[in-house]
Amino acid sequence: MLRLININRRLGNFALTGINLELSYGQYYVLLGRSGSGKTQLLELIAGLEHPDTGTILLDDEDITRKRIQDRKIGIVFQDYAVFPHMNVFCNIAYPLRVRKENKKSIALKVEKAASAMNIHHILERRTDKLSGGELQRVALARTLITSPRLLLLDEPLSSLDTSLKDDLKRLLRNLNRDGQTIIHVTHDYGDAISLAKRVGVIHNGKIIQEGSVNEVFNNPHNRFVARYAGIRNFFRVNITAENGFSIGVTEHKVRFKLNGMPAGSNCLLLLKNDSIILANEAPVNKELNVIRGKVIEIIPSEFGMEVTIDAGDLFYVNILSSDMENLRLKVANEVWVTFSSKDIVVVSGN
Amino acid sequence: MNRNSIFTWIAMILSSLMLLFIIAPLAGMFIHTGGTQFLETVKDKEVHQSVWLTLWVSFTATLVFSIGAIPFAWLLARKRFPLKNVVQGIIDLPIVLPHTAAGIALLGFISRDGFLGKTASLFGLNLVNHPSGIALAMAFVSLPFLINAARDGFAAVPEKLEKAALNLGASNTKVFFSISVPLAWRSITTGFVMMFARGMSEFGAIVIIAYHPMVAPVLIYERFSSFGLNYARPASVFFILIALLFLITLRLLSLKRKEKFINSDAQTD
């Protein structure tokens with residue numbers, strides 16, 4: 001339904017360059033990027049608030065690149081909601097209908113329906129400065145959805161909500177998408193992406209650097225930036241050499257990795273998930289495994305247990321459960337063995 | 001005792017002196033105006049006419065010029081265009097010009113030889129020594145107050161709100177009247193009141209263009225130069241009181257208007 005073809009747009013020192021994107025009906029597309037990566041600018045181009053310098057935007061095969069914003073039927077919900085502060089909730093939701101000069105009865109019915117769908121029918125008469133972040137978000141969504149947009153654009157809709165409100169809103173967005181609403185959702189949060197997206201695009205410095213299904217993107221990150229989003233903190237730049245028929249990657253600090261079938265002489269970036277590493281107090285005998293000796297330099301609590309940092313020449317970050325911590329009796333300055341399978345190493349060529 | 005509190009004390013003393021500087025002459029004038037003299041002035045038909053003329057001409061000038069000034073202020077707040085700084089400088093020019101010089105410049109424009117004067121005379125209107133000429137003089141010196149205040153008001157309205165309204169299908173005109181103006185209303189009102197007040201108090205430019213009919217500042221000057229301080233004082237006090245009354249009423253009305261506007265916005269579509 002939506003196609004962006006080679007979109008370029010310069011904004012001061014920043015530029016969106018060579019953006020290509022294709023979206024089918026009913027898609028939930030999450031555009032993941034840090035602040036300043038250009039994701040909001042891209043949304044504004046699609047909505048028609050800005051125009052690209054070059055490139056084409058097609059919606060249902062119609063060229064809408066220069067089409068008036070009012071005629072695009074693309075709804076956008078801004079990060080800070082942009083709820084009109086001088087109107088109450090009812091007037092906010094009714095605004096697009098009044099602009100279209102619909103009659104009062106029809107407006108009242110539609111607003112009531114939209115408010116019920118968003119579970120805000122009880123606050124219709126309330127002033128907007130009396131609303132919580134979650135309520136403001138729902139008002140903004142109801143106000144946009146009442147226009148029946150062909151495409152819904154969401155700019156960081158979950159960023160300023162607390163955890164329980166986030167879960168509510170995620171459920172609501174999933175239901176909207178299930179009912180057929182096509183959505184582009186921009187966020188900096190990897191968690192939002194994996195819990196909502198059918199497809200993911202990662203945007204960095206004004207370029208979409210990787211795109212695909214959630215599994216494709218995060219199980220096979222093309223570079224360090226995407227890998228960081230997947231929670232990977234172990235990156236190693238290595239030169240490949242061949243020893244006894246094996247490929248060995250050696251880092252600048254002489255840490256050695258056994259790799260599967262890499263050509264000697266090449267320079268690669270290795271990615272290793274924190275969860276793929278196992279710690280042991282004694283060296284395992286399995287020759288297939290990578291076994292590296294190091295010293296514990298930091299232990300900090302993490303979401304699922306502990307994150308242990310090991311200095312083995314290069315730093316390894318390992319997630320372990322609290323129970324394993326006790327079994328291993330890990331302490332700072334202890335010597336441990338870092339073990340992992342070659343199969344768990346993701347090799348990224350070039351940068 | 002720390003350095004901050006010493007500084008605060010010095011600032012408070014200096015502030016008191018500044019306040020006293022404003023209040024003392026006005027208080028002196030009120031104190032030196034006798035009750036009988038004041039009552040006579042209140043009954044003086046010439047004073048009535050002059051004060052009334054000043055009020056309605058200044059109000060009308062402000063109202064008429066706000067039709068152009070408010071959209072102009074929006075443009076200045078929202079759009080980038082070549083020579084914008086020069087345009088901003090031109091707007092502020094009347095504030096720094098000697099007002100008699102402004103009057104002379106304006107006289108050349110509205111006299112029968114000037115462009116506007118010639119055009120007006122085609123409709124049988126002589127702008128010199130006429131309330132419309134006075135209105136132009138008032139507007140010339142006071143317009144920057146409305147434009148600048150309204151511009152700051154529009155600039156303070158988050159652009160995202162205007163973008164959201166456009167995205168919801170509103171035309172640019174609709175966005176201006178339903179989002180930008182209501183949200184900048186307080187600044188626009190302040191600018192309106194300031195322009196009105198500045199127009200009312202104008203003397204220099206008006207005296208060049210229209211000695212008659214006499215606006216209050218010209219009348220006060222005329223009483224002073226013909227009869228002396230004792231005759232000018234009661235007229236001044238009367239004018240100040242009426243102007244204050246009018247300003248306060250206007251301010252209160254505009255605040256009420258704002259509340260009403262907020263409550264009923266968009267229900268009028």
Side-chain angles (χ1 to χ4, degrees), chain A residues 12 40 43-50 68-104 107-108 111 125 127-129 136 139-149 151-153 155, chain B residues 70 73-74 77-82 84 149-150 152-192 253-269:
Chain A
T40 300
L43 278 199
E44 294 198 352
L45 285 179
I46 298 170
L49 293 161
E50 299 280 342
R68 269 165 36 101
I69 175 175
Q70 294 93 340
D71 303 331
R72 292 191 181 203
K73 294 213 81 182
I74 295 177
I76 183 167
V77 176
F78 292 101
Q79 182 175 5
D80 46 9
Y81 319 125
V83 167
F84 305 135
H86 58 305
M87 299 179 196
N88 65 16
V89 173
F90 182 93
C91 291
N92 261 282
I93 302 174
Y95 186 83
L97 306 179
R98 285 177 168 149
V99 163
R100 278 192 248 151
K101 299 193 187 305
E102 289 197 17
N103 68 56
K104 279 190 175 180
I107 289 173
V111 171
E125 296 306 317
R127 283 168 49 143
T128 53
D129 57 356
L136 283 169
V139 172
L141 263 171
R143 189 180 65 178
T144 302
L145 289 171
I146 210 166
T147 64
S148 309
L151 172 62
L152 177 63
L153 309 176
D155 187 1
Chain B
I70 294 171
W74 180 83
R78 280 287 179 262
K79 301 290 173 190
R80 275 185 289 183
F81 51 85
K84 188 173 173 181
D152 292 346
F154 285 126
V157 175
E159 214 173 338
K160 278 271 163 70
L161 297 177
E162 292 172 357
K163 286 181 172 181
L166 287 170
N167 181 250
L168 294 168
S171 65
N172 287 310
T173 316
K174 180 76 189 169
V175 173
F176 179 73
F177 285 111
S178 65
I179 307 295
S180 316
V181 170
L183 290 173
W185 186 249
R186 195 176 286 269
S187 300
I188 293 171
T189 308
T190 305
F192 191 93
L253 281 177
S254 68
L255 288 177
K256 279 207 172 145
R257 162 96 180 87
K258 185 183 175 243
E259 276 173 23
K260 200 174 158 196
F261 202 96
I262 286 169
N263 292 334
S264 67
D265 183 82
Q267 292 180 359
T268 52
D269 290 33

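Computed from heavy atoms alone, side chains included, the values below leave out hydrogens, waters and symmetry copies. Each chain gets a letter, A, B and so on, in the order the sequences are listed, and its residues count up from 1.
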Working for side chain to side chain contact (heavy atoms under 4.5 Å, CB included), residues B:Lys163 and A:Phe78: CA-CA 10 Å; B:Lys163 286 181 172 181; A:Phe78 292 101; 4.0 Å; yes
Let me confirm one number: the [atom1]-[atom2] distance from [X] to [Y], rounded to the nearest 0.5 Å.
{"X": "B:Leu168", "Y": "A:Arg98", "atom1": "CG", "atom2": "CZ", "answer": "13.0 Å"}
{"X": "B:Leu161", "Y": "A:Asp80", "atom1": "CG", "atom2": "CG", "answer": "8.0 Å"}
{"X": "B:Glu159", "Y": "A:Leu49", "atom1": "CD", "atom2": "CG", "answer": "9.5 Å"}
{"X": "B:Ser178", "Y": "A:Tyr95", "atom1": "OG", "atom2": "OH", "answer": "2.5 Å"}

Backbone of A:Ile74 reached by a side-chain donor or acceptor of B:Asn167 within 3.5 Å: yes
Contacting moiety of A:Val77, where chain B heavy atoms sit under 4.5 Å: neither
A:Gln79 portion near chain B, given a 4.5 angstrom heavy-atom threshold: neither
For chain B, the option from A:Pro149, A:Ala47, A:Gly75 that forms the most heavy-atom pairs under 4.5 Å: A:Gly75
Heavy-atom pair count under 4.5 Å with chain B, highest-scoring of A:Ile76, A:Ile146, A:Thr147: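 Winner by heavy-atom pair count: A:Ile76.
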Smallest separation among heavy atoms of B:Leu183 and A:Pro85, with atom names: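 Of all heavy-atom pairs spanning B:Leu183 and A:Pro85, the closest is CD2-CG, 3.6 Å.
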Flag if over 12 foreign heavy atoms under 6.0 Å of CZ, A:Arg100: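 More than 12 within 6.0 Å, yes.
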side-chain hydrogen bond (donor to acceptor under 3.5 Å, both in side chains) contacts touching residues 69-78 of chain A (sequence neighbours left out): A:Arg68-A:Asp71
